[in-house]
**Student:** 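Can you keep this structure in mind? I'll have questions shortly.
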Amino acid sequence: MSDLNLDPTQLDRYSRHIIMDDVGPEGQKALLDADVLVLGAGGLGSPIVQYLAAAGVGRLGIADDDVVERSNLQRQIVHADADVGRPKVESAAEFVAELNPDVTVDAHETRVTADNVDELLADYDFVVDGSDNFETRFLVNDACTLAGVPFTHGAIYRFEGQITSFTEGQPCYRCLFPEAPPAGEIPDCSEAGVLGVLPGTVGCIQATETVKWILQDAGLAPEADTLDGRMIFYDAMAMTFEDVPVQPDPDCPVCGDDPAISSVQDVEYVETCAIGAD
Amino acid sequence: MEWKLFANLKEVVGQSEVEVDVQSGETFGDALDALLEAHPELAAEVLNDDGELRDHIRVLHNGDNPFVSAEGRDTELEAGDELALFPPVSGG
């Protein structure tokens, strides 16, 4: 084990991982060597950041341009009452620092835009989309798909969640939804409300997908089945999980046979995120 | 045959499952028309001005997108088929 450079404290801290054949010291080393970018430090980002930090993901990028509001605290459990008014990336980074000294946090206090997304993604192996608006979601899909960066997607609405992963090139989010709905048509959490624990469930599934991807990338967990090619619909009210296929669309504007989008600069990420929107 | 509705589509109708009187041999388009006839309040949410499905609305027939893997509105249905209609959501 010494050749994997896990020190005695790490062997203890991660012993419940290391003891499993599907993780072992190699898998833990892969987690410690992984660079993961979490987009959004809100309801989804909170459990994602917490579990990835606890798992020992060595470098966590956290991107968010919001400050903590009191109305966030019902679900955004990485922030505390005293954090109201502070940048979310700051309190999230502090949480990680207190939880696990093995994890380095890159706090990106910025809104992800077409102008900075490529540079932001370039430093990471895997992206977790826990953002809170369609513009960012379509931008993240397009940028990750074009750059070949695997990512997992989670989104919430009142009592419902949608979770999927795109790690094998095809399909992508636009195969399922070619364009976003017009602004305001499907209300966000501030307009529609959201069950506080809902993003906990959805974010934990996204964190699970991330850890499994890292293990599989290291040649481990051969039986692991990810959410590639399928989307989970979680209904907290009915307490049901439904699993539907996500099929590659030959007409997809990003990953189809004759894609119209070859760069995020081809799209205006406003309103419906259409090509050449004006 | 039963339609399942998600997110705001479910809320517009007020229920998540809607039974429609469509027989084997009829088409996906027939089932969609029957749903919208029973719940006309849904039409503005799912159809554009040309009466086609809006770009952000997805449909499923037994878990598959009939517009990708079958004949779209002309896809023939069989008794017991499951149909679904859902939008993307964005909250985080």
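By convention in this document, chain letters (A, B, ...) are assigned in the order of the sequence lines, proteins followed by strands, and residues within each chain are numbered from 1.
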**Student:** Looking at every non-hydrogen atom in both residues, tell me the closest pair between B:P88 and A:Q162 and how far apart they are.
**Tutor:**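 Shortest heavy-atom contact: CA-OE1, 3.7 Å.
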
**Student:** Only pairs of heavy atoms separated by less than 4.5 Å count here; which of A:N133, A:V202, A:V194 has the most with chain B?
**Tutor:**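 Highest number of pairs under 4.5 Å: A:N133.
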
**Student:** Please report the closest heavy-atom contact between A:I186 and B:P87, naming both atoms and the distance.
**Tutor:**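 Shortest heavy-atom contact: CD1-CB, 3.4 Å.
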
**Student:** How about B:E78: does its CD atom have over 12 heavy atoms from other parts shown lying under 6.0 Å from it?
**Tutor:**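 No, because the 6.0 Å sphere around CD of B:E78 holds 12 heavy atoms or fewer from other groups.
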
**Student:** Please flag which part of A:F233 lies under 4.5 Å from any non-hydrogen atom of chain B: side chain, backbone, both or neither.
**Tutor:**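 Side chain of A:F233 only, per the 4.5 Å heavy-atom cut-off to chain B.
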
**Student:** Looking at A:R137, A:M231, A:E242, which makes the most heavy-atom pairs under 4.5 Å with chain B?
**Tutor:**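 Counting heavy-atom pairs under 4.5 Å, the top option is A:R137.
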
**Student:** Got more than 12 heavy atoms from elsewhere within 6.0 Å of CG, B:D50?
**Tutor:**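 Atom CG in B:D50 is packed in, count exceeds 12.
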
**Student:** Out of A:G42, A:S46, A:G40, A:S131, return the one with the most heavy atom pairs under 4.5 angstrom to chain B.
**Tutor:**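 Most heavy-atom pairs under 4.5 Å with chain B: A:S131.
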
**Student:** Give, as side chain, backbone, both or neither, the part of A:P250 having an atom under 4.5 angstrom from any heavy atom of chain B.
**Tutor:**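 Side chain only.
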
**Student:** Considering only heavy atoms and a distance below 4.5 Å, find which of A:P248, A:P245, A:C189 pairs most often with chain B.
**Tutor:**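 Most heavy-atom pairs within the cutoff with chain B belong to A:P245.
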
**Student:** Please check if atom CD in B:E71 has more than 12 non-hydrogen atoms from other residues, nucleotides or ligands closer than 6.0 Å.
**Tutor:**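 No.
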
**Student:** Begin from the C-alpha positions of B:E45 and A:E185 and carry the test side chain to side chain contact (heavy atoms under 4.5 Å, CB included) through to its verdict.
**Tutor:** CA-CA 9 Å; B:E45 304 291 334; A:E185 179 143 335; 3.8 Å; yes

**Student:** Are the side chains of A:P182 and B:H56 in contact, using a 4.5 Å heavy-atom criterion?
**Tutor:**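 In short, these two side chains touch, coming nearer than 4.5 Å.
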
**Student:** Going from CZ on A:F177 to CD1 on B:I57, what distance comes out if it is rounded to the nearest 0.5 angstrom?
**Tutor:**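 The CZ atom of A:F177 sits 8.0 Å away from the CD1 atom of B:I57.
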
**Student:** With a sphere of 6.0 Å drawn around CD of B:E82, does it hold more than 12 non-hydrogen atoms of other residues, nucleotides or ligands?
**Tutor:**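 At most 12 heavy atoms, drawn from other residues, nucleotides or ligands, come within 6.0 Å of this atom.
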
**Student:** Okay, side chain of A:Q247, backbone of B:V68: is any donor-acceptor separation there less than 3.5 Å?
**Tutor:**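 Absent.
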
**Student:** With rounding to the nearest 0.5 angstrom, report the CZ to CG distance, B:F67 to A:D251.
**Tutor:**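 Answer rounded to 0.5 Å: 12.5 Å.
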
**Student:** Heavy atoms only: give me the nearest B:V89-A:Y157 pair and the separation to one decimal.
**Tutor:**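 Shortest heavy-atom separation between B:V89 and A:Y157 comes out as CG1-CB, 3.5 Å.
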
**Student:** Let me see the working for A:D235 and B:K4 under salt bridge (charged side-chain N to carboxylate O under 4.0 Å, His left out), right down to the final yes or no.
**Tutor:** CA-CA 12 Å; A:D235 185 334; B:K4 294 200 71 163; over 6 Å; no

